[in-house]
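See below for the structure under consideration.
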Amino acid sequence: MSEERRYEPQEIEPRWQQVWAEEHTWEVSNDAGEGGQAGVGGAPVGGAPKSYVLEMLPYPSGEPHIGHLKCYAVGDAIAHFHRRLGHRVLHPMGYDAFGLPAENHAIKTGVHPRDSTAVSIASFQRQFRSWGISIDWSRELSTYEPRYYRWTQWIFLQLLHAGLAYRKEAAVKWCPNDQTVLANEQVVDGHCERCGAEVEVRQLEQWFLRITDYAERLLSDLDGIDWPEHVKTMQRNWIGRSEGAEVTFRCEALGVDYPVFTTRPDTLFGATFFVMAPEHPDVLRLAQGTPYEQAVKDYINHALTESSEERGALDKAKTGVPLGRTVTNPVNGEQIPMYVADYVLLEYGTGAIMAVPGHDERDYAFARAYDLPIRRVIEGGSEEGDEQGLPYIGDGPLVNSHADFDGMHNREALSAIVQWLDREAKGHASVNYRLRDWLVSRQRYWGCPIPVVYCEACGMAPVPEDQLPVELPDIEDYAPRGRSPLAAAEDWVNTKCPVCGGDARRETDTMDTFVDSSWYYLRYCDAGNDEAAWDPAALRQWMPVDQYIGGVEHAILHLMYARFFTKALADLGHLDFQEPFQALFTQGMVTKDGAKMSKSKGNVVSPASIVERSGADTARCYILFVGPPDQDADWSDEGVEGVHRFLGRLWRLAAEMAEREETYTSVEEADLELLRKTNWAIDKVSSDMRRFAFNTAIAAVMELLNECSRLRDEAGVATERFALSTAASLLFPFAPHVCADVYDLLTGERVWEQPWPQADPAMLERDVYELVCQVNGKLRDRVQAPADAGPEELKELCLTAPNVQAHLDGKEIVKEIVVPGKLVNLVVR
RNA sequence: GCCCGGGUGGCGGAAUCGGUAUACGCAAUCGACUUAAAAUCGAUGGCCCGAGAGGGCUUGUGGGUUCAAGUCCCACCCCGGGCACCA
């Protein structure tokens, strides 16, 4: 007997990592077929299909956390699986390195964000290598490198030239804590997505990107991509498409037309008043000279000082003030009073609405509060009681409208009325979106400078492409004071106008970091290119990303912006595809004791400590074994131990088998059994890989290993080695180090150069199986049945089963159901 | 309020097309090895009745369809997520 051998990941893991690093095993070249990744068996892989596997760009802050481990455990499993299926796999890595945490740290400590970020990046690099993730490090990038953000600026200029980037003064969301504006997407329930402070509204001139031009395509192209349905739904909700009509109401006193958007032109005859948003530019002018002038002024002031949270509160009572004017309802010529009320939003539609209290809950509440007429124009609902069933939101025939439409079902009347409006030039069919343009400027230091200058003579001028990058200057004081800290860097701010050569000042705002991460997946395809953002040929080779992996928290922000960039760049002729991420997988959160891990709760599990104690293979396998990877999982130290034991058993059994001589005392039956189990596992793991069921894939390898242990002394050594090496081969995408070691011990070969195992179909079929015998749907017995037995034979077999007979006991069989390969069910009375 | 997920042993979970519910793992109990412990190996294991053979019950609750329901249909309860004055 050989001496006791121990599974030592601390020895095994660095050894294989060194092989992969020295041989650049996971690097792929853009020259398909030459000098690229060695294919199966070391042969070049000329016509191999490509596969681009990408995890969402991490923000390097401190050390990687358990969520990173899960994300990359999933991504690496897919990358390895694709490679072994014969694909050329691009699996790169980089860092989303601009951003607030590093800057806030700088404000506190004075350490330059570049330095603290570099320290974090070094820690990420170390740990990712220690996890054994199969990354092509030759394409590594950081968004804070001038070499990268030069091209971020270049893209910004492309958008600017195309009219997709513009400056506008608007009411914007301001975070008083971070002292910067925010995009709509970064405001969650009226609070800053980053720091949680309640946001304020400020009137400021800011940079926007015209994402709303793409609303329709962002919506309709969702149909063609393989994303989780709930993520698509979230994007659809965010885009918020509404079909309806734009209808013109005229204020005769001022001679001004006010268009409104409505989804319910069928209720036009029920419009009894008209409401404008407090921010609407005409409100003061309308009220001027009326008895309501002062009241309107007061109301607007109040509305503007109210926080967005207060104003948006759902249970808030409706308030408003009359404007002292009327507009004409275009369908019936009625003069209806105008109001200003804060339940109307300037940003949506035209900032003014027709109010139909009979068929809209909000208008109804306002009408009740101000004693305005409420008219039913659609039949339906109860029509009983004090409120006569109003407001009624449902469908029904029109009433009290016009002879041409009364009696018509409202859905038909809707299009009939729109057609009428169109003919009379009083309106037309229209579509509205909830999506707003993307506010991208930030009054902060640690971001990509916006490459424009302002010249007194020429106005705003883009920095010429050959002067890029506009580099971020070093400054002393990072603290934001309502303007960008860059504004204090006088030497940097003062520059010459690229048009006239006169004095000019640089834009001091920086870009939202989501701009940086909206195109990085393109840069990986050609990361070393200093002549252009990318060579189109490189993109043609790799894009789109075949499998994207990341957290669901980016369902709207990053994923929407990246899709927008792709479409805009495609329109400008820089790309020839419309969607960046063909398939998306969103991994669930890792919690501890049911709660989100956080420093303040003190329940943080650090990947580094797990790797140090149990090894990377254990950590990676465990995180995939706890449950379906798209669901949240709770961390358990005991569970980790279980997986560690499993990997230890695999390794020890292999080490023992590697030394064993063939004895020829094997029992044929045991060999066959083990071969069957092995082929079953190949089949099971292969299909589980394709549906991201890594937990059951690992369980299947556990079953195979249990069978290897059970039959260790009965099956032949060759069979045993085959079964064990197959187990290692199947588990390799999850536990690469120990599996490489086991495979090497048993075969002397490199498992990552082997093709993915193929199940032998003959071995998946059995000549006998266990037939389930039911009486009245209840399981009563099991008998061995030949695989090729027909229904009659199966029925007879079932009838002979002792416990079946006991339950038949003279009763009459009224029905027999035979499902070959499964069961026989006898129905008795 | 609207739209998505989800509810299965002591615990994490499995059951992929309506066909043996509880795979795999954790925790637990018993045993082997050991002076002892750790490590490792083996056995047991949904609940109730029974010595056993076996029987009854069991997938949030209540109904339904079916020879057969965790799976399909209807109603409801609970948990998680998204949207929410968007006209």
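Order of the sequence lines fixes the chain letters, A, B, ..., with proteins taken first and strands second; residue numbering starts at 1 for each chain. What you see below is based on every heavy atom in this structure, not just the backbone, and it leaves out hydrogens, waters and symmetry mates.
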If you look at every strand shown and take non-hydrogen atoms under 4.0 Å, does A/V344 touch a base, only sugar-phosphate, or nothing? base

Considering only atom P, compute the distance from B/U65 to B/U71 and round it to an integer number of Å. 15 Å

Using heavy atoms and a sub-4.0 Å distance, could you list which residues of residues 778-787 of chain A are near RNA chain B? By number, please. A/K778, A/R780, A/R782

Going by atom types alone, do A/T212 and A/D437 pair a side-chain donor with an acceptor below 3.5 Å? yes

Using a 4.0 Å heavy-atom cut-off across all strands, classify A/G349 as base, sugar-phosphate, or nothing. nothing

When we call it a touch if two heavy atoms are under 4.0 Å apart, what does A/D363 touch: a base, just sugar-phosphate, or nothing? nothing

Parallel under 30°, tilted from 30 to 60°, perpendicular over 60°: which one fits the rings of A/F274 and A/Y258? tilted

Separation between the P atoms of B/C67 and B/C30, rounded to whole Å: 50 Å

Using the ring of A/F366 (Phe, Tyr or Trp, six-membered ring only), decide whether A/K318 places NZ or CZ under 6.0 Å from its centre and within 45 degrees of its axis. no

Applying a 4.0 Å non-hydrogen cut-off, can you work out what A/V772 is touching in the nucleic acid: base, sugar-phosphate, or nothing? base

Please determine if a side-chain N or O atom of A/R645 lies less than 4.0 Å away from the OP1 or OP2 oxygen of B/C26. yes

Any base atoms under 4.0 Å from A/T263, or only sugar-phosphate, or nothing? Heavy atoms, all strands. sugar-phosphate

Parallel, tilted or perpendicular: which fits the ring planes of A/H359 and A/Y392, with parallel below 30° and perpendicular above 60°? perpendicular

Flag yes if more than 12 heavy atoms outside A/H428 fall under 6.0 Å of its NE2 atom; otherwise flag no. yes

Just confirming the chi classification of B/C17, syn or anti, using 90° around 0 as the syn window. syn

Under 4.0 Å between a side-chain N/O of A/R652 and OP1 or OP2 of B/C41, yes or no? yes

Measuring only the P atom in each nucleotide, how far is B/C47 from B/G1? A whole number of Å is fine. 40 Å

Using a 4.0 Å heavy-atom cut-off across all strands, classify A/R691 as base, sugar-phosphate, or nothing. base

Short N-O contact, A/R613 and A/E641, less than 4.0 angstrom: no

Base, sugar-phosphate, or nothing: which does A/K684 touch, judged by heavy atoms less than 4.0 Å apart? base

How about CD on A/E243, more than 12 heavy atoms from neighbouring residues, nucleotides or ligands closer than 6.0 Å, or not? no

Give a yes/no on whether any side-chain N or O of A/H807 is located under 4.0 angstrom from OP1 or OP2 of B/G55. yes

Taking OP1 and OP2 of B/A23, is either one under 4.0 Å from a side-chain nitrogen or oxygen of A/T696? no

B/C24 OP1/OP2 closer than 4.0 Å to side-chain N/O of A/N706: no

Pair A/R710 + A/E707: basic N to acidic O under 4.0 Å: yes

One thing to verify: whether A/D688 and A/R691 come together as a salt bridge, which I'm taking to mean a side-chain N less than 4.0 angstrom from a carboxylate O. yes

Distances under 3.5 Å between protein N/O atoms and the N/O atoms of nucleotides 63-69 of chain B, please, pair by pair.
| residue | atom | partner | partner atom | Å |
| --- | --- | --- | --- | --- |
| B/C67 | OP1 | A/K815 | NZ | 3.1 |
| B/C67 | O2' | A/N825 | ND2 | 3.3 |
| B/C67 | O2 | A/N825 | ND2 | 2.7 |

Say we look at B/U20 and B/A69: how far apart would their C1' atoms be, to the nearest angstrom? 14 Å

Report the glycosidic orientation of B/G12: syn if within 90° of 0, anti in every other case. anti

Using a 4.0 Å heavy-atom cut-off, does A/N695 contact any base of the nucleic acid, only the sugar-phosphate backbone, or nothing at all? sugar-phosphate

Counting N and O atoms only, with roles assigned by atom type, does the side chain of A/R436 sit under 3.5 Å from a partner on the main chain of A/R434, one being a donor and the other an acceptor? yes

